[in-house]
Amino acid sequence: MPELPEVETIKNELLPHVLGRKITGVAVFWDKMVKQPTAAEFCERVTGQKITNLTRRGKYLFFHLSSGEMLVMHMKMTGSLLINPPDAKFARAIFQLDNGAVMHFRDPRKFGKMWLAADESAVADKLGPEPLDNDFTVETLTKILRNRKAPVKPVLLDQAIIAGIGNMYADESLYEAKIHPVRPACSLSEVEIKRLYTAIRRVLRAAIKNKGASVRNYIRPDGDIGTAHAEFRVAHGTGKNCPRCGTLIKRIVVRGRGTYLCPKCQPEP
DNA sequence: CTATAGACCTGACGGC
DNA sequence: TGCCGTCAGGTCTATA
């Protein structure tokens with residue numbers, strides 16, 4: 001499932017293929033994936049535009065168009081963007097580029113979305129800080145957690161509080177910081193907040209280095225998989241043992257989300 | 001305000 | 001083999 005490291009990888013690897021390219025045609029096969037305007041108008045307005053930049057904010061991708069408009073995309077859970085794939089399986093939209101290449105928006109479950117916006121602020125303004133930015137400090141995280149009674153995991157998953165963390169990386173970060181996911185956010189000690197801060201940044205950076213985690217449907221633009229999941233220590237770890245203490249990894253449900261943890265390293269509150 | 005439930009979708013997987 | 005139920009989880013919307 002594309003989270004920050006996966007979307008960052010898609011952006012990085014797509015950039016050389018799309019930067020400066022003109023979109024010569026667009027076909028949409030699942031109209032509901034276009035939030036605005038209508039699918040037909042979307043195709044019309046995008047066709048002929050040059051892609052002047054490609055950026056990421058949280059789990060969103062922004063194709064900067066020469067018209068000044070922004071083409072926004074979200075992969076949701078099973079979306080991927082592929083350059084010249086071998087087939088059109090699950091292709092919900094296809095973009096033709098002026099160098100003859102094609103970009104497929106592949107999405108088995110049809111949750112992915114794209115739309116046109118005047119700029120990125122409508123999306124970006126609703127998001128919390130980027131956890132890998134320089135101005136995201138221990139103090140930032142301390143303020144975020146201080147007054148919230150909610151379990152710490154859902155706080156990490158709330159895009160309006162911190163942008164880009166999803167289910168897998170929340171579990172990995174909490175494991176590394178030795179914090180149980182249902183601990184009230186405000187109950188974390190100074191030392192634990194410091195550990196969580198370091199863990200979030202290390203886990204996300206390592207995953208970007210490994211080009212994302214291909215646990216399910218995530219594929220890189222060239223069709224290769226990412227390898228970040230090889231370093232997962234609890235996420236999707238049913239039947240595995242904790243690499244620190246050997247205890248069997250446990251699966252619980254927190255606010256409706258499958259959650260993996262080591263019951264010994266992450267003691268229940 | 002928070003907190004929870006449902007909706008959106010379909011492939012994969014387990015049980016029989 | 002094949003049918004059926006359940007699960008997966010990002011985000012938006014509706015309801016308590």
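Every chain is numbered from 1, with letters handed out A, B, ... down the list of sequences. A quick note: this is a predicted structure, and the numbers were derived from the prediction, not measured.
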Ring centres under 6.0 angstrom apart (A/Tyr169, A/Phe232): yes
Donor-acceptor contact below 3.5 Å, side chain A/Glu172 vs main chain A/Val234: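 Yes.
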Could you tell me whether the phosphate oxygens of [N], OP1 or OP2, come under 4.0 Å of any side-chain nitrogen or oxygen in [X]?
| X | N | value |
| --- | --- | --- |
| A/Arg255 | B/dA3 | yes |
| A/Gln159 | C/dT11 | yes |
| A/His74 | C/dG10 | no |
| A/Lys110 | B/dT10 | yes |

Expressed in whole Å, how much space separates the [atom1] atoms belonging to [N] and [M]?
| N | M | atom1 | value |
| --- | --- | --- | --- |
| B/dG14 | C/dG9 | P | 16 Å |
| B/dG11 | C/dC12 | C1' | 23 Å |
| C/dC3 | B/dC9 | P | 25 Å |

How many whole angstroms separate atom [atom1] of [X] from atom [atom2] of [N]?
| X | N | atom1 | atom2 | result |
| --- | --- | --- | --- | --- |
| A/Lys153 | C/dG9 | NZ | P | 8 Å |
| A/Arg106 | B/dC9 | CZ | C1' | 14 Å |
| A/Lys59 | C/dT11 | NZ | C1' | 9 Å |
| A/Lys32 | B/dA7 | NZ | P | 13 Å |
| A/Met168 | C/dA8 | CE | P | 14 Å |
| A/Ile161 | B/dT2 | CD1 | C1' | 11 Å |
| A/Tyr169 | C/dG9 | OH | P | 13 Å |
| A/Met114 | C/dT11 | CE | C1' | 18 Å |

In terms of hydrophobic clustering (I, L, V, M, F, W, Y; side-chain heavy atoms under 4.5 Å; direct or indirect links), are A/Ile165 and A/Leu174 co-clustered? yes
So for A/Arg109 and C/dA8, does any side-chain atom that can act as donor or acceptor lie under 3.5 Å from a complementary atom in the base?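 Indeed there is one.
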For the side chain of A/Phe111, counting heavy atoms from C-beta on, which of C/dC12, B/dG11, C/dG9 is nearest?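 Closest nucleotide among those given: C/dG9.
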Return the 5'-most residue of the pair A/Met77, A/Lys126 with respect to DNA chain C, ranking by each residue's nearest nucleotide.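 It is A/Met77 whose nearest nucleotide is closer to the 5' end.
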Quick check: on DNA chain C, is the nucleotide nearest A/Arg257 upstream (toward 5') of the one nearest A/Val253, or the reverse? Name the residue that is more 5'. A/Val253
What is the distance from atom CE of A/Met33 to atom CE of A/Met73, rounded to the nearest 0.5 Å?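 Going from CE on A/Met33 over to CE on A/Met73, the span is 7.0 Å.
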Please say whether the positively charged group of A/Arg244, taken as NZ for Lys or CZ for Arg, lies over the ring of A/Tyr175, i.e. under 6.0 angstrom from the six-membered ring centre and within 45 degrees of the axis. yes
